[in-house]
Each structure stands twice: as structure tokens, then as C-alpha cells.
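Letters go in sequence order (proteins before strands), and every chain restarts at 1. Just so it is clear, the values below take in all heavy atoms, side chains as well, and ignore hydrogens, waters and symmetry mates.
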Protein chains: 2
Amino acid sequence: MVKVKKARIQDVALEAGVSMMTVSRVLNQDPKVSDSTRSKVLAVAEQLQYRPNESARRLASNKSYLIGLLYDNPSDAYISQFLLSALKSCRTKGFHLVVDEADKNIEKTLQSVKDLINETKVDGMILLPPVCEQKEIIDCLQDANVPFVRVAPDSQLTISPYICMDDYQAAFDLTEMLIKQGHNKIGHIIGDANQGVSRLRYQGYLDALRSNKINTPPEYIEQGCFTYQSGMIAAKKMLALKDKPSAIFAANDDMAAAVISIAQNQGINVPNDLSVVGFDDTTLATVVWPNITTVRQPIDEMAKLAVSLFTTNKVKDFTDLKSNQLRNILDFKIIQRESSKPIE
Amino acid sequence: MVKVKKARIQDVALEAGVSMMTVSRVLNQDPKVSDSTRSKVLAVAEQLQYRPNESARRLASNKSYLIGLLYDNPSDAYISQFLLSALKSCRTKGFHLVVDEADKNIEKTLQSVKDLINETKVDGMILLPPVCEQKEIIDCLQDANVPFVRVAPDSQLTISPYICMDDYQAAFDLTEMLIKQGHNKIGHIIGDANQGVSRLRYQGYLDALRSNKINTPPEYIEQGCFTYQSGMIAAKKMLALKDKPSAIFAANDDMAAAVISIAQNQGINVPNDLSVVGFDDTTLATVVWPNITTVRQPIDEMAKLAVSLFTTNKVKDFTDLKSNQLRNILDFKIIQRESSKPIE
DNA sequence: CTGAAAGCGCTTACAG
DNA sequence: CTGAAAGCGCTTACAG
């Protein structure tokens, strides 16, 4: 292999006829550089294919260029998608991700977070749900003055930005879509009672019915807990009713998949006799048959945004963020697939 | 927050009454240090809670302490589990993982790998299946003299170690388990024809039947391609037979889940009327009901081992590995769940 | 807006 | 088996 010597900051400086400091300033987007100097440096850097040496930068600046990511449940497709996207974002910006799993024992998790701060010296932390609700962890980060972002949190904080989608609106839209397709007997399986999104999705469902003046018997609403099994139990009850719903909106894909399975088991054709819709657009939605109509969470974008909050130097410290900068609500999308169809 | 000043190599050297170099040698497991010096340094390092500064080490040594990971299909539960485990291993050893997704276009992937080598300067690469079969990539790594490990490869190479489980034996054992439970009408759905593991699992199934002197009609064997849908098609055919199998062994969990769904759809009770077993123990295995009896791949251990091949200094270069060091076959485990049971 | 000097905390290469 | 010197490629802090 022919080894091409990598250009150093010195090489760029020499070639551009400026000092190393000036090059460094340009690269770090310091505004105090004249435009002419800036463009010259940029041109030379481009020409020499200069890439800063990350280790030297880290060592000299005493910044880690490391972002911590704390997650809860490793079996969730959500996590892996978020992770993959975050990893990709980090890579393009010269950062690395230090991933840590929260322990059931909050004390252990806390210790782990402290290690992340003291030893690894992360520049910031990304908190996934539901760890992002843990008061102890939030306090710890705040005490240590480590900026953090919370993803899909249940509660809002004024000290830290959060990233989420509008679960309420998505549930509203999804329900209204069913209504527009002629369904007026729509059941709902509520998600885990301990998660804020369950409440929001349920409320969106209710309000869509209300604004379309549709009355729904209480038997059409069942409490689930986001698991396949809880979906089966709920589906069995709902499909045993004399007056069955023509559509069931399950608060996530796992429960929707369970509904489909139970329906098929009872000889109820999906989607001809029963429309089923889910939420999240996890891999499960396209792995079962018929594929599930669902709401796509913008997970990739969420991860990208979370990372960029740390990698862009715009905001050194989250404490000076204005309230409108704290909110980052991303767009969702309803994905129509084969598990639902209009009433004929 | 009280800032505790981190100990540097200098501090350890001073306290231990040796030079920085000696401390460095001890830390890097250089054998040319007397035992007494070594233990003294180690004791001081421990007492001072010394942690080497990774950036300084990287800069001075011109080693990246970075491991590249190239994967194919992001939707696979397998990938995320591997990733999480590898990430964890890296963290405890002061390494970082640079994750890259292979492109459909081999040229693009190749370029990406070259960037990984030249810009990021990874110390080594982990190749997941099926990218680990790509000759172009293997050649590229070899030319660049970058050591790499292949995970669950189809073919064997003498130039690079590989990590896998014994798919043949696992399939054999799983089939034999069904036989011992009284099943002698056992169907099999073969996996993707392009993947070596499909062949191995199929062969294990066949040999278990053979060694138990069980004849099987050709209708009991269907070609699938590891997808849920292919499993449905195969299951429909097999369950439409007059003389149905009492057990079906699908070559992965997705297809097993499909078999369960079809069976239930036809009023065939799983496991009372039909035992179904899968392979891999992905999340799907416990998400559907009944939970799937399957073979657990030791994914976490595979990832850990892959990382450790680069982090332990035992082998600087994989070219001097002996053939028995190339093979790393890890243990699998059969997980009995509710989708299968003995014949009564 | 720009630059010369010092230093970040390690390791390499050379001595002995 | 051990050590003194030089340097890795950046940035910080100070000048001007």
C-alpha cells in the first residue's frame, strides 16, 4: 500500500501563508477571522485533504469529543435504530459515542454515570426513555455541569432540551384516518400505564372520536402494557364482543401484531373483516403478515438531532437556551400498509 | 462539584520512585520489567486511581485504539445485540468502535472501508455476515495490512481468524431433541439459499433423522429464505398435507413465528397439535405467543471475543496465527419454550 | 483580526 | 531491566 502522508495543521498553515493558530481558528469556526483569510485557509485545507487529528485535538483542548448515551432496555428495536443513527452522526463529526446501559438498581446506574463523567469525561449525555425521567440521574448531571438531552421524555424541564414527536397528534391523525375510511367502531388498546406516551396516544384517539361525534362503548377500550401478550389478552376480549369493532388501534406495533394473530386465529380476516393499526413502525411492523399500518417515529432524525446539539458549537451550555430552543418536536408520518383498509 | 485532579503517569512515576517509561512499560504489559518494580508500580497506580489518558496515548503511539465494525442489514436484531455487546467490551478496554454500514453498491462500501483505514486509522476491523464473504473487502483489508476478524463466515480463510457457532451441531441436537420427545414426523424449512448457515442447519437436521433411522417424505422439506413471509408460504404447504408433520423445525425464528401464525389460523394448536422450533433466539422468539423453542446464538460472547482479539496485545499481527488460533467456535444452547412439547 | 510560545500526557527510539 | 530526551498534532493563554 502506498502510504500518503497525512496533512497536518502546520502544512495547511505553511501553504496558506498564515499561522497554525489561524488555521485552527478557521477550523473551529471562530468568527474572529477575516473572510478572505478564512476562504484561503478553507481552500488549502480542501486541496490538501486535511483532516484534524482527533487525538491531538482532544489532548490539547481537554475536551473529550465523546458523547454518552444512556439507555434502558436493550431488546427494543427502537434503541438499536437510535444507536445506529447516533453512531453514524458522531462519526461524521469526529465524535465518539460511549454507550451505557442503565441498571435496574438506580445506585449502580448513578455510579456508572459518574464514571462516565469523571473518567471518560463525556462532553454531554443523551438520555433515552425512560431513564430520561430519573430524577437522581438528572440531578447528578446537573451537579456535574454536564449538558444533556432527553429523548421522548414524559415531563418537561427548563434546564435541558428535549426531542420528541407529537404522540397526541399522531394518534389523533391515525384515528381520524380510520374514521375517514368509514370506520366508526374503533377499539383502542392503551400502552403501558407508566409511560407518558400511552396517555398521549389514548387522548389523541379519544379526541379524534369526539371531534367526529362518535360514541364508543367502554368495551372498546382495553388497558395493555406494550407487550405482545398484553395485546393478545386485550384482543381476545374485544373480539369476543357481540358487536365487534371494525378497527383496532393498538398503542404500539407489538400489540397490533398480537391483535392480528388473534383475529386470524378466530377466522377474522385482516384487513377485510378487521382493520388493525399500530404505532412506532418498528421492524415487527413489516415482519408479520399482513404488514402493519402504523405511525413512523422519526428515530433516525431524533438521534441525529441529539448528537448535533453537542457537536455544533452554537450552544456551549444548555443553561442559556431559550424555551423555544428547548423544544424539538419532529414530524411523524402515517404509514399505510396491508393491515387496514376502508370500509366497503 | 469538587474536581479531583486526575493522576498522570508522571505522578505515578514520582510516587513509585521510577521513571515515566517504566510506568508506561508496566501499563502496556511489557515483559521486560522486573517483578518487584512491576508490583510496586501497579500498587501505586491503583492507589492513585490512575487511568491513562487515551488521547495522549493515541497521539504519541500513532495507534488509534479504534476498531471498525462493518455490518450489512440494520434491521436485524442480531446486529444490534452484537453491537451493544461490542460497544460494552470496547468501553472497558479504552477502545472505541467505529460503525459503518455496508452499501448495496460494493464500490461505495469499498470506499467507505478505505476511509476507515486511511482517515480513521482503525487498528482492526470486525466483519459481520454476510459482508465477511466479500472478496473485494477482504482483499482491500489485506492490502492495507489491517487485521480483521470475520463473524459467522461461510468460508474459511487462513489469513484471518473467525468466530462462529456450530450451526450443524445445533441443528442436529435440536432435531434429536424433537425425536427424543417422540416426534418422528418432523418438517424443516430451509433458510436463505445464499447463506452457508442454511446449508449447515439443513444438514444437521438430515443427519439427526438419518442417525435415528427416520424416513422423511420430501414434502416435509421446504425452501424458505429466512423471512416471515417465506415461512408462511412453506407452512401453508406443509400444513395442507394429509399426513401432517407433528413438528416443524424452521431455520430461523422469523420463519418459526410464521409457522405458528399459520397453524393457529388453521385451528392447529401449538404446541398440542404441532411443535414448532426456530433458530437464533432473537427478540421475536419471546415476543410471539407461544414463545419459541429455539437455539441461542452466543452473540454477546462472539462480540466480546471479536473485540478482545484486537485489544489484547497477544497477537500484533494475525498473519502469525496458527490454524488452531484462527478457529473460535463458541457454544450454543437450546432454549426450550412453549412452542414445542413431547408427543403424549 | 493574527501570531509565537508553551504545554496537553503519553510513547518511540535511542542509550546504557 | 531502566531512563533522559524528543516529539506526536493540536489548543490555550497571552500578546499585539
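Here D:dT12 presents its C1' atom at 12 Å from NZ of A:K32, a figure rounded to the nearest Å. Separating the CG atom of B:D35 from the C1' atom of D:dT2 is a distance of 15 Å, rounded to the nearest angstrom. Residue B:R8 contributes atom CZ, which lies 16 Å from atom C1' of C:dT11 at whole-angstrom precision. To the nearest angstrom, P of C:dC10 lies 19 Å from CD of A:E54. Straight-line distance from the CG atom of A:L14 to the C1' atom of C:dG3: 14 Å, rounded to whole Å. Between the CD1 atom of A:I9 and the C1' atom of C:dA5 there is a distance of 15 Å, rounded to whole Å. Distance CG (A:N53) to P (D:dG7): 17 Å, rounded to an integer number of Å. One can place CZ of B:R25 at 16 Å from P of C:dC10, the figure rounded to the nearest angstrom.
Across every strand in view, C:dA13 sits unpaired, with no contact that passes the Watson-Crick or G-U test at under 3.5 angstrom.
Contact check, A:Y65 against D:dC10: no side-chain N or O comes under 4.0 Å of OP1 or OP2. Contact check, A:S61 against D:dT12: no side-chain N or O comes under 4.0 Å of OP1 or OP2. Residue A:N28 places at least one side-chain N or O under 4.0 Å from the OP1 or OP2 atom of D:dT11.
Toward the 5′ end of DNA chain D lies the nearest nucleotide of B:P31, the other residue of the pair B:P31 and A:R58 mapping further downstream. In terms of position on DNA chain D, the residue among B:A60 and B:R38 whose nearest nucleotide sits closer to the 5' end is B:R38.
Counting heavy atoms from C-beta on, the side chains of B:L128 and B:F82 come closer than 4.5 Å.
For the pair A:E133 (side chain) and A:D154 (backbone), a donor-acceptor distance under 3.5 Å is present. Not a single donor-acceptor pair under 3.5 Å links the side chain of A:T109 to the backbone N or O of A:A102. Judged purely by atom type and a 3.5 angstrom limit, B:R150 uses its side chain to pair as donor or acceptor with the backbone of B:C132. For A:D30 (side chain) and A:V26 (main-chain N/O), no donor-acceptor pair under 3.5 Å exists by modelled atom type. Under a 3.5 Å cut-off, the side chain of A:D11 and the backbone N or O of A:R8 do form a donor-acceptor pair.
The neighbour count for A:K40 NZ, taken as heavy atoms of other residues, nucleotides or ligands under 6.0 Å away, is above 12.
Of the candidate nucleotides C:dT2, C:dC10, D:dG9, D:dG9 has the atom nearest to the side chain of B:L59. Out of C:dC10, D:dC10, C:dT2, the shortest distance to the side chain of A:R57 is found at D:dC10.
Less than 4.0 Å separates DNA chain D from at least one heavy atom of each of the following residues of residues 15-24 of chain B: B:V18, B:S19, B:M21, B:T22.
At a cut-off of 3.5 angstrom, the base of D:dG9 holds no donor-acceptor pair with the side chain of A:R51.
Salt-bridge formation is not detected for the pair B:K304/B:D300: no Lys NZ or Arg NE/NH1/NH2 atom is positioned less than 4.0 Å from an Asp or Glu carboxylate oxygen.
Note on A:S55: nothing from the nucleic acid sits closer than 4.0 angstrom, heavy atoms only. Heavy atoms of A:N62 sit nowhere under 4.0 angstrom from any nucleic acid atom.
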